[in-house]
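Predicted model only: the values in this text are computed from it and were never measured.
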Amino acid sequence: MTFEYVPRGVCARKMVIDVNDGIVSEVQIIGGCHGNSQGVAALVKGMPVEEVIARLSGIRCGYKATSCPDQLAAALKMYLANEAK
């Protein structure tokens with residue numbers, strides 16, 4: 001399932017995430033730090049959704065209360081909540 005998420009409190013403008021059978025198969029982060037976004041996307045590819053959430057939740061970007069990795073975790077939490085319905 002592919003879904004879009006609009007992150008808050010970060011430079012990125014949109015995240016397009018593809019999850020199949022509980023595994024992150026693709027992530028595209030639009031806006032923000034291009035190299036870091038590509039790195040995060042490559043690292044989470046093939047990882048279970050729950051593991052991505054556990055590893056990325058709570059990461060901060062400088063003085064901000066959140067970060068692009070934290071927002072990716074938030075998007076996946078939202079995905080899990082919608083799947084449970």
Are the side chain of Asp70 and the backbone N or O of Gly58 linked by a donor-acceptor pair below 3.5 Å?
yes

Residues in side-chain contact (heavy atoms from CB on, under 4.5 Å) with Ser37, at least two apart?
Ile29

Give a yes or no on whether the backbone of Gly9 and the side-chain of Thr66 come within a donor-acceptor separation of less than 3.5 Å.
no

For the residue pair Leu76 and Val24, establish whether any side-chain heavy-atom pair is separated by less than 4.5 Å.
yes

What about Met78 and Ile23, same hydrophobic cluster or not, with Ile/Leu/Val/Met/Phe/Trp/Tyr joined at side-chain heavy-atom distances under 4.5 Å?
no

Using the test side-chain contact (heavy atoms from CB on, under 4.5 Å), find all partners of Arg13 that sit at least two apart in sequence or belong to another chain.
Ile30

To check you understand the geometry: which heavy-atom pair defines the closest contact between Val52 and Met47, and what is its length?
CG2-SD, 3.5 Å

Side-chain heavy atoms nearer than 4.5 Å, only ILVMFWY residues, links allowed to pass through others: does that put Tyr5 and Ile59 together?
yes

Note, Leu80 side chain near Ile53 side chain (heavy atom, < 4.5 Å)
yes

So which atom in Asn20 and which in Ser25 form the shortest heavy-atom distance, rounded to 0.1 Å?
ND2-OG, 3.0 Å

Gap between atom CG of Leu72 and atom CG of Leu56 - 0.5 Å precision
6.0 Å

Say you draw a straight line from CD of Gln71 to NZ of Lys64; how long is it, rounded to the nearest 0.5 Å?
10.0 Å

Donor-acceptor pair, distance only, cut-off 3.5 Å: does the side chain of Gln28 make one with the backbone of Ile17?
no

Are any non-hydrogen side-chain atoms of Arg55 and Pro69 less than 4.5 angstrom apart?
no

Please report the closest heavy-atom contact between Cys68 and Val10, naming both atoms and the distance.
N-CG1, 3.7 Å

Crowded around Asp21 CG? As in, over 12 foreign heavy atoms under 6.0 Å?
no

If the condition is ring pair (Phe, Tyr, Trp, His ring centres under 6.0 Å), which residues does Tyr79 pass it with, not counting sequence neighbours?
Phe3

Derivation of the side chain to side chain contact (heavy atoms under 4.5 Å, CB included) call for Val16 and Lys14
CA-CA 7 Å; Val16 181; Lys14 181 167 70 169; 4.2 Å; yes

